[in-house]
Structure formats: structure tokens, C-alpha cells
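A short write-up of the structure that comes next.
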Amino acid sequence: MKKILIVDDQAKIRELVHVTIRIGDYQIFEAASGDDALEVAREHQPDLIFLDVMMPNSSLDGFETCAALKQDERTKNAHILMLTALDKEEDLARGEEVGANGYFTKPFSPLELINKVEEVLG
Amino acid sequence: MNLQPKDRSTANGEKISSWHILNNSAIALSRATTIDDIVSILIKNFNEMAFHVVAAEVNQAQDSLYISRISFSDEEQLPAMVKEAVLAGLHQKTLPASVLQTELFASRDEKVRLVEVSLQTVSEKLGAYLEDDSLANMVRHLAPTITFVMASLSSGRESDYLFYLIRPGLDKEAIPAITAFINLALAIADKHTSIHHAEEQRRIAVTLQEVSKIVGSSLNLDTVLNLILVELEKVIPYDSASVLLENDNNLILEAGRGFSQLEPVLNVAVPVEENILYQELKLKQKPIVINDVRLDPRYALWEGTSPIRSWIGIPLIWKNRVLGQISIDSYAENAFVESEGELAFTFAQHVATAINNARLYRQVMQTATELRALLDSAREVASTLDTTKVIFSMVSRVKRLMVADLVVVYLMAEETDILNPIVRLDDTSEPAVFNAAGKVAEQAVAAGEGLVSNHLLDDVASAEKNSTFMAVPFMVKDRAIGVITMFRWGTPSFILTDVDLLTRFALQTGIAIENSRLYEQVQRRLTRENLINRLTRRIGSKLSLPALANDIIETTQSITGADAGALILVNSADDDTFLQFTDGIPLADISDLRAECPGIAAEVMTKQKILVTAELSAETYNSPVWFDTVIQSVIAVPVTSGDEPLGVLGLFKFSEAFHHSSEILATLDAIGRQVGVAVENAFLFQQVNDYAHNLAEQVEARTAEIRSQKEQTEAILAGAADVIIITDARGTIEYVNPAFTQLTGYFPNQAIGQNPRILHSGQTPPHIYKKLWQTITSGKVWRGTLKNKREDGSLYDADLTIAPIFDQYSNIDKFVGIQRDISKMTELDRLKTEFLGTAAHELRNPLTTVRGYAELLLARSDFSKEEIERFVGYIYEQSVHLTNLVSDLLDVSKIESGSAFAINPKQVNPQPYFEEAIAHWQARMAAEYQINLIAPERWPEINIDEARIKQAFNNLISNAVKYSPAGNEVTVTVEVSVTHLRVSVADQGIGMTIEEQKHVFEKFWRADASSTAVEGTGLGMVIVKHIVEAHGGKIWVSSRKGKGTVISFTLPLPASTPTILIIEDEPSILEVEERLLSLEGYCVITAQTGTEGLRLAKTEQPDLIVLDLMLPEMNGEEVLHQLKAFSPTNQIPVVVVSAKSGLSHIENTFSLGAVDFLTKPFNVDEYLSRIKLAINK
């Protein structure tokens, strides 16, 4: 079974994503900060990670977390999708820099989300 | 000799042999030494031969015979009567040769010949010639026919001798004997002649040698010339002789000998062109001999009767140059022969060198004397700055050197062009001479160089002799500052070399005069400047009018040397009020002088110009009746303040005219204006009492003052909120307004004279500046934005408009730049952009929830009822949240742009609003929270916008509740202080760390977002802060993590009137300031010492302090320092007032922390406006 990790500081958004992807057959994990995300990812090695960019109360922001994940042997193979409210070019470029595999701009369409998941994970 | 002795037949028959006679005479002849002896011997022997002899000297040039001897023979008895007749008729007479036989001259070979002619014929011819018939008697007595022998003695000299021998019964046989005599005499004569000639030559050679030696032994020209003349006589005997030397185209008689009256003739200079003989001598360089000067047209006879008849002129030649001539005179005609001329010429050549040497020596000595005199003069001139001394010393020196009868030095008066005689050394004491000297002086000034004039006294009766004038101007920088004139009776007249010499003296003296004049001027100016500085200082510190007036009169009197002064002032506001102060003028009892004010004062006041009169009585102005002394001259100075005439300052001199210059007048003019300000202040001081009673009049007066264009413009510039910079055409700053200082931090003294590039931050690309400069120098206006730098280094964005200003010739005269700090605007822009970005960002999360869930609910059907309800709840919640967010965002946006978030305060009692709010919340929270209120008995009224205060208060309580776990208390405390109402909202919630407290009032900052039940917008505290501060209050937080948080804010109680503390020791000034400020509506407290001032500042905490720097005990700077060193006084703005206006002073006070600096005496309006400015800062 494929594993998916949802990282966002807002509970309602985590729930939204969870509810959206539960239609598929995935093992779903959640984290509320960058540090938590790293811990969970290293332990469970998810295949796909939804990663929020803006997490003000976290010591690592989304990009830093992504970079860390990609550098870690254990987690570098995960497919990372950024959830960002930012859509400026610099931010998208930054995303590429740190190795993100794709992104969704908030507010995103849940249906598109689940399609993407199915596309990536089959 | 083979002549037969001839018998002579006598009456008594005695026979004397002719040969015997011949022998005797041969012996006698051989002993003869001169031609004269020879002739005498001949005649004697002829007599012994019974001949009567008539001897005549022959003058070949004039073809005449001069009967020099007649001798009768004793043998032949002639009656005495006959002898007498003959003697009378012939002796020592000159006859033309044609009277007797001319055949003699046809053939000179025949020494002796017998002539047979009728005595009758001879006597007739002679008689006709002589007009004498004494010879007729002789003829009657003698035989009808006569023969006589003509014998000629030609000696080789100029004159031959002709002997006429007459004897009755003479026949040819006598001829041989006579011939023998003649031949013998001739031979002897010849011998003598050659001996004589050789003697002559030897004598001449020796003399010439002697002459050379003697003459070369001296270098003194007079000695040399006299020696020459003495020696010359030995060579050529003369009656008188003279030496003339040429100098400067004149022939001067340098030495003479043998003249009876030499003195007047010596040193007379005759122009060369008038002397024909000299010119001929020069041209031909050969001697000229004249036998009778009366007959020779070239010879110009001296005046008076001159005994001179013969003349030799010899040119003095030295190395091909003619130095002059020697003239040799004889009182006899034909005294000189050509050979003597040649001799004299040789003589002259020998002595020419000596003469030239002596002449050169004389010139050198003369030059040396002149140079020494110049040197002495220069040394003396350099050692003194006293003009008169300098001139006097030069004059005496020059008079000695050049031998003058009168020397006058004139100096040109400084302001006029009149020559005033300064020094006069006069040996003539004749007014005509002195007047003529004046004329010559004027001519020299007009010509700009030295000149000689010899005919000025020609028409003056007393001038029988020659006279000569010379004048040389003192030239300094092509301007004549004076003249020196010299006069001399008689000869020689001044020549060009004299003018050169005098010019050299004049040059030295001219410079010395100029130097000493400049020195005097500088001295005078320094004195005046000192006096003026003193006056200025004293003016600045006095407000008492009498004392001020006294100072003014005293000082101006010193400057101008006046004997008396008067200051008359008219109060412009009240035309009747009239004040006067005098010094030195004796006055009787005077009630109102104005009616009798001299016309001068009135004129000066209307025309606003200085008036100077040299002769008071002569002017058309009325001489004032109240002067009982005679006033000679007046200077009247207008006293003005701006354009307002305040009065007249009069300076009087009793017995002479003022010595004034344009410089002094300019000084007085400046004083008049300066005095005007001081006087005006003093006036104000006296009028402040009236001011209180008549405020409306004061306002009108103030308005009238601002009427002047300059003040108007300055007021506009000073009051403008925009920054205004005015530069000259090259971009150098000339003026900056107060707004400039406020924006950039540069004070005017730091900016003026600089280029605006002091504001360059380095962050604006240089091409913009280039374009800027190009645009404005081509006469167009430039608008744009620059990044500028303040004095403290901080940067700001400036919106700039620069425009050129043109003068009347359409040339760019100045640039005006108007600047606005748009940093705020730029910052606002930036914030707005940032804010929008952040806001948009903030909105996205709730929107994600709304959209997401809505989409899911629509698209999928795998949700339970419970889930559906929950999800819809989320959607609703987030919509509400979004609504709050939007509304808060709008508020914050208004706050940040500073625009529409206005508050509308009304004076109300806030108690009901607070109590209502608390009640509302209590109702909402009911069981979970306890909200307490601790409030005073009596709430004061405050100015608040109730809606906004309610909003803020609600926000605070909402937060308190949000961040406290249920069951805890929220306590609201309200306290009243003197100036504020303080409200605190305290909770017992999670609290915040020090770090977190820092972010409380930041946008979108939430404390621990995850743990709230009700999501906040993160903007609440921002809005609260703004509301509180808009009311003039402060808000702050204090918190402990885990214990709780207290948010406190204050709201100010209604403002009281601003209090101003004046610290000033001079009572009069203090009173003025206090009255002024009170009338303006301020609450004023005063202190007269620094210590007292500090105490009051601390206890009363005024809104502004006006501090005088000149305080007793503790000085102003010290007070300022103390004020600024401690709180709370360091918050109070201080305006410094001082009479000192030095730049370092001002800078010092500003660096100590003062906000403004006023100089005394100050303008009332400026004072008030600056106070206002300072308080409102």
C-alpha cells in the first residue's frame, strides 16, 4: 500500500486533504510542522508528501523541509508536492531549487489533487 | 761788390763816398735783429745820402700803401714849413696804390727804379687824394721836375716795404748804390726771417709740450680751461679769448680771459642754430680767421660796444667729434694771419683730450652727486610714513642739488582735483613768480610728465632778466597725486637732463606719499571699524532709549570728529511724539523743537539720504534759531528701520568743514540703518504697555510690517511645508527654508554655499543627475524622484521639481528646487504591496477550506451525515472568518495609508461604554469566565471616538478570553492620573515570552495558532494600538509565559494650554517677553536665574523653555546642558535667545540640544512665530 504524508500547520486543511485522498487506498500520515514531517517521513518513508510552504510556527519552513527531505537517503525518493499560497515566480523557482516535484496553489481543487495522486502513485 | 764809389757833389765840395756809407751800413745791418731795425738803418743811410725818404708798407690784399715813415735828409735844406706840410699830408696815411705809380706791382723783379715825373703831377694826385694843399707849397718851393727813386724791400712776409727817395738833382748814377743797399738789406732780412721763423717754431713746440703737460695735470674743467687760455696767449698773443663747449645743442661759454665784464656772459647758453660761425667750424673742422668782425656778416656782435676787431675761431675736435670752439680776439684789425690760425688749431688738438677728460670727469662727479642725493632721499623716504616730512626732505635736497630760487610742492586733494601747495621754499618772495609756478604745475599735471617753461614771466614788469620754470608731476598708477615746481632766475635755464633728475626724485617721493597716505587711511579705517564694532555691541545690549542715543551720538562724533551731535526721533505710529537727545550743543529751555527743526532734518527724512553741507549759512536751509554758536558744517544721517524713517542724526562742526570721504559717509549710512533697528526695539520696549491695551492696532502694525516684499517672500518660504532650496546659476545654495532643515537635518549655515550634492545618497544613477542638469540649464523645469541622504546618513525618497529663474536679461539667474519627502509614500506603497500580498496570502487558507469542502461535497457522495454537517460547519465558520478578516484588513489598510482611519472625538464620560462592553462579554461567556471591573468613583470626561474605543476594548477582552483557559478571570482596571486615563485588561491565560511580546502588535502575528478555538485574524492588536495612539494615548503589554498577560493603554485627558518657561535675568526684556507670550494665549512662568529655571522646569514641566544665554552665576549653556541631561526635563524643547550671534555659538547651542536660536535684538513677529513652531514640534 502506498504511503502519503500530509504536512500543514492548519488542522482543517490537513483534514481536507485527508478526506480528499481517503477515497483511494493509501496509508495516510499527518504532521503539523517541518520537524515533525522529517521525523515521520524518516520513520515511515512515504511515497508522496503534501508539503505546506507557510508554517509560521515551525522552525523549518516548507522549502527547508523539502530540501532536507531530498537530501536524506531515506526520504529522497518521495514525490513531494508543495501546497503554497504564494504564486510568485521566485517562489516557484525556489521550489524547483529545493527539489519539489510539483505544487498546488491554494485554494486548490480537491478533485485535481486526487487525480494527481493517482497519476503519481498509479 | 764792384761798384765804383760815387762822388757826391755838395755845396762846399767835400766828398763823402757812397761806399763809405754802404760799409757803415753793412756793419750796422749785420747787427740788426728785426726787420724794423733794418728799415731804420736803410732810412738813416738814405738820409745820409741826401735822400728824403718816404717809406710805405704795402698791403697786397687791399692794394694799398700805408705811409709808415717819412724822414728828411739834413743835407738838403728844406724849410720847416715844407717838412711840416709833408708830414701832415702824408704821415701815417693809407693811400690806394694807384695814387702813385702802379708799375711797381707789374714787375716785382726790379728792386730799384728811377721815376721821372713832374712833381706838379705828383702833388696834384696826392693833393686830390688827400684833399690837402700843403703839398702845393712844397712843390712851389722845389724844382718843377723831380725824379725819385722807388725801391722795394720784399721780405717774404705779408707786408713789403716801398721806399720813395727824393733828391733834387737825382740821376741814374745813384741807382747802383741804392740797389746795393737794398740787396744787402734784403739778404739780412731774409736771414732774420728764417731765424725768426725757426725761433717761432721752436718756441711753439716747447709751448705746446708745456701746455699738454700742464693741461693734463688737472681734471677740474675750470682749471683746465683757464690753463689753456693762459698758455694760448704765449702762443698767439691776444686781447681776449674764450672757450665754448657744446651741450645739448647749446653752446655754453665755459671760460674766458681778458674780458672786462666776464661775469654776466659766463655760462650763457646760446643755441647752436643761432651761431653761424660755430656751425661752419663744425662742418669744415678748420679754423676761421676774420680780419675785421664788423665787416663779416657771420659774426654776431655781442650786445653793447665790443672792442673786438680781429677774430680766430678754432673747432675743438676730439676723435672726430666737435666738443666746442676756442675764440681768440684782438682789438686791432688784421691782427691775425692764416698761419696763426693753423697754429691755434694745432694747439686746440693738443688740448682737446684734456678738455674732454675734464668734461667727462665733471659729468661723472655730477652724476655721482645726483645718485648719492637720490640714495639719501630714498633712504629717508623709506624711513618715515609722515607725508610732510617726506616732501620737505626731498624739496631741500633737490633745491640744494639743482640751485633753484623757488621750489613748491603741491598735492592733489583727494576728492576734488585742486592742487594745494604743501611745502614752499622761497628765496624770491615775488607773487608773480609763485602764481606762474602754479600755472606750470597745472600744465605738468595735464601733460602727465615733466616739462620746462621759460617765458612765463616775459610780460611781468619786474622781469628784466631771464627766468626758467620746471615742473614734474608725482605719478602713481597713471594718476597725478601732486606736482613739484622749480624756478630759477637768469641762466642757465633748466634742460632735459634736469627734468630727468627731478623726475627720478619725484618717482620716489610719489610712492612714499602714496604709501603714507594709504597708511593714514588704513589707520583711520581701523579706528573707525573699532568704533563701529563697539557701537554695534553696545546697541545690541541696550533697550533703554536714552542710553542708546547717548552711545550713538558719542560714537559717531568720534568717527567724524564732530564737535556736537543730535539725535532726533519721530514715532511713526504717533506722529506727535517726538524725542531728542543732544550732546555738545548748548540749548536753552526747549519745549518742542520740531516746529523749529532745521530744514535739513526734514529733507533728510523725506529723501532718506545723507546730506553734507560745508557752509551752513550759505545754504538755503534755515539756520536753526536755537543755536547760539556758529555752526559751520553739518552731516545729517537718516535713521531708518527697513524703509521706515525714524529720525535724523545730525553731526555738527563749529569752525571748519568736515573732512569726510565717501567711505565715512557709507559707514554713517550703515550706522543709521543699524541704529534704526536698535532704536525701534527701544521704542517697542517703551510701548509694550500700550500694546496690551490696543491689540488690534498691534495686529495692524504687524501686518503693515509684512507689507515689504522681502519679508513677504521670506514668510512664504519660511512657512512652506515643502522643502525649498534656492541656488545661484552654478548650483551653489543661497537659501534654504526651515522645512529643509526639518527634512534633511542640515541647518542653513551648513547648506548655504554648498552644492545640493551634499544630499546625494549614491543610490541614484548618475545619468539622472546629468539629465537634470542638462534640463535646467537649458531653461526647462525638471521633475523627478531622487534618493537623497539626510545629515545623519539616513535615506529618503524625494519628489523633486527644479525650475530656473531668469533675470531681466533672460539669463538664468537662480534655480529654485521644491522637494517633498515621499519616503513615506514610497514606504506606504511598499507596505501596501506587501500588505496586499500578505493579505491575499492570509485569505487563501480559509478559502482553501471553503472551496475544498464545497467541492468535495458537490463532487463526492462518500460522506456520512455527520461529516456533511461538520464540513458545512467548516464552510460557514471560514466564511465568517473571512468576513472578519476582510473588515480588519480594510481597517488596517486605512491605518497604514494614514488616510481614512480618522477618529471623531467627542468629549464624553466613557464609563457607560466600558461597563456596557463588559456586560456584553460577560453575558456571552457566562459560566466560563469571570470579567471584573475595577474603576474609580468618578470617571473624568475625555475626548474619544466612542465607536472606535468600543472596538478596541472589545478586541482586548476578546483576546483575553481567547488566550485564557476556561474558568479563569479577566480583570479590567481603570485608573485616573493628572493627565491620563489608564485602562488595563489582565488575563490568566497562557501568557507570552519576552520574545513573543515583541511581536504582539505585528500584523498577522498570532500566539500559538494551533491552540485557539476561535481563530483570530492576527490584526486585532494592530488596530487597537492604532486606535489608542490616534487618541494620543500609549499602549503596552506585560506578560509571563504560563501566568497571564496584561495589556494596558492610556487615553489623555483634555489638553491644557501650553506652558512656557522664560529664563531671563534682564528685567526689562523679561517683562517684554512675558507680556508678549501672555497676550498670545500662553501660560507663562518665569525665572531669573539658571537655578530657579531648572527647578521650575522640573516641577511644572512646561511645554517650552525660552532660555537666555547671558545669565548670572550659572551661564545659559550650563543650564541647557542640565535640562537635557535628566528626564523629564530633557523632553522639553528649548529655544535659546542671545545677543551673541557668532556661528560657533549657534552651533554649540544646537549641539547641546536647543531646537532654535534667536538673536537679540529680535523682531516681535519672528519671536512669536518661532515660539509657536517650537511648541508644536
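The sequence lines fix the lettering, A, B, ..., with proteins before strands; numbering per chain opens at 1.
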Item to complete: Provide the full list of side-chain hydrogen bond (donor to acceptor under 3.5 Å, both in side chains) pairs with a residue in residues 113-122 of chain A, sequence neighbours left out, each pair given once.
Response: none
Fill in: Sequence-distant partners of A:Lys3, salt bridge (Lys or Arg N to Asp or Glu O under 4.0 Å), two or more places apart
none
Worksheet entry | Contacts of residues 13-38 of chain A with chain B (heavy atom under 4.5 Å) | A:Ile13, A:Glu15, A:Leu16, A:Val19, A:Thr20, A:Arg22, A:Ile23
Worksheet item: Does A:Met54 reach the side chain of B:Asn845, with side-chain heavy atoms less than 4.5 Å apart?
Response: no
Practice prompt. For the residue pair A:Ser109 and B:Glu855, confirm or rule out a side-chain donor-acceptor distance under 3.5 Å.
Written response: yes
Item to complete: Sorted by first residue and then second, give each salt bridge (charged side-chain N to carboxylate O under 4.0 Å, His left out) pair with at least one member in residues 93-109 of chain A; sequence neighbours left out.
Response: A:Asp8-A:Lys106, A:Asp52-A:Lys106
Worksheet item: Is there a donor-acceptor contact under 3.5 Å from the side chain of A:Glu43 to the main chain of A:Val40?
Response: no
Fill in: Side chain, backbone, both or neither of B:Phe863 within contact of chain A (heavy atoms, under 4.5 Å)
both
